[in-house]
Amino acid sequence: KARTIQENAEQQFNIERNRIINQQKEKVLQEYKDKLENYSIKRRIERSSSINQSRIQKMNARFDVLEKVKKEVSNKLVTLINDKDRYKVLLRNIILQNLIKLMDEDVIIKCRKEDHEVIKGIVSDCENQFEQLVKQNTNLQLKTRVHLLDDQYLDSQKYKNGGIIMYSLRGRIVCENTLETRLELCVQESLPDIRVTMFPDLRIEQKPRTHAVSYTHLRAHETGRNLVCRLLLEKKKNNK
């Protein structure tokens, strides 16, 4: 009987010992498994952060290059301003374009102080040309008076390349047509093509680009004749 008790005790001891050993083995294996998983996650995070940082640096470098190109183009526009005859023609066309956009009987022009005398000399010609354009395309009579501000000017530092800002309805409608604004619009519209040209690694398989455009975008691409007709019809409808 004593031997039986001893054998049972040894059996229980071995069972308990094996259980504890297996339990500790599983605990150690789980710890190493967790450490390996954490290390793997850490490496993935570090790799992702490194890739993102590299992308950000690349994007910043590309942005700096694009800004440099835009600045060079802006500096080249100065040569246009220095050519008095070409710049005068440009100002006349800009004023005429704004008149077509606003289609109002009274408008106000704000310009740089350096351009004041030039614009003052072509305002009357712009009024007559606009009147003839409206009559030619719509058979309607629209007399517009252009007022040039004598006591307020555009900041020559901010608008160093010239242009004008035209106001209608006592300043409630603003049509900015400075060369800085036109350059920015041109850059934004051509940005995808500029990027692909300057950075060939961005080139992908070209597919027909179909995307929604705003009503304002469509209006910006109207022809002069269609624009005059549409705006006059809208104005006639509103007056009714």
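The heavy-atom pair separating Leu96 from Cys126 by the smallest distance is CD1-O, 4.3 Å. Of all the heavy atoms in Ile164 and Leu91, the pair that sits closest is CG2-CD2, 4.4 Å.
Summarising the hydrophobic clusters (Ile, Leu, Val, Met, Phe, Trp, Tyr; side-chain heavy atoms under 4.5 Å, direct or chained), the residues clustered with Leu36 are none. Think of Leu185 as one node in a network of Ile, Leu, Val, Met, Phe, Trp and Tyr side chains linked at under 4.5 Å; it has no links at all. Clustering of Ile, Leu, Val, Met, Phe, Trp and Tyr side chains at separations under 4.5 Å places Val174 together with Ile108, Leu149, Leu154, Tyr159, Ile165, Tyr167.
Between Glu127 and Lys143, no side-chain nitrogen of the basic residue sits less than 4.0 Å from a carboxylate oxygen of the acidic one, so the salt-bridge criterion is not met. A salt bridge is absent between Asp85 and Lys88: the closest approach of a Lys/Arg side-chain nitrogen to an acidic carboxylate oxygen does not fall below 4.0 angstrom.
Contacts classified as salt bridge (Lys or Arg N to Asp or Glu O under 4.0 Å) and involving residues 150-160 (residues at least two apart or in different chains) are not found. Residue pairs meeting the ring-ring contact (aromatic ring centres under 6.0 Å, His included) criterion with at least one member in residues 29-71, sequence neighbours excluded, do not occur. Judged as a side-chain hydrogen bond (donor to acceptor under 3.5 Å, both in side chains), the pairs with a partner in residues 21-30 (not counting sequence neighbours) are, in order, Gln30-Asp34.
Partners of Gln141 under the side chain to side chain donor-acceptor pair (under 3.5 Å) rule, at least two apart in sequence or in another chain, are Glu131. With sequence neighbours left out, Arg172 forms a side chain to side chain contact (heavy atoms under 4.5 Å, CB included) with Leu169. Evaluation of the salt bridge (charged side-chain N to carboxylate O under 4.0 Å, His left out) rule for Arg19 yields Glu16 as partners, not counting sequence neighbours. Listed by chain and number, the residues in a side chain to side chain donor-acceptor pair (under 3.5 Å) with Asn38 amount to none (sequence neighbours excluded). For His147, there are no ring-ring contact (aromatic ring centres under 6.0 Å, His included) partners at least two apart in sequence or on another chain.
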Compile the donor-acceptor pairs under 3.5 Å between side chains in residues 49-59 and protein atoms, sequence neighbours left out, one pair per line.
{"residue": "Ser49", "atom": "OG", "partner": "Ile45", "partner atom": "O", "Å": "2.9"}
{"residue": "Asn52", "atom": "ND2", "partner": "Ser48", "partner atom": "O", "Å": "3.3"}
{"residue": "Lys58", "atom": "NZ", "partner": "Asp201", "partner atom": "OD2", "Å": "3.3"}

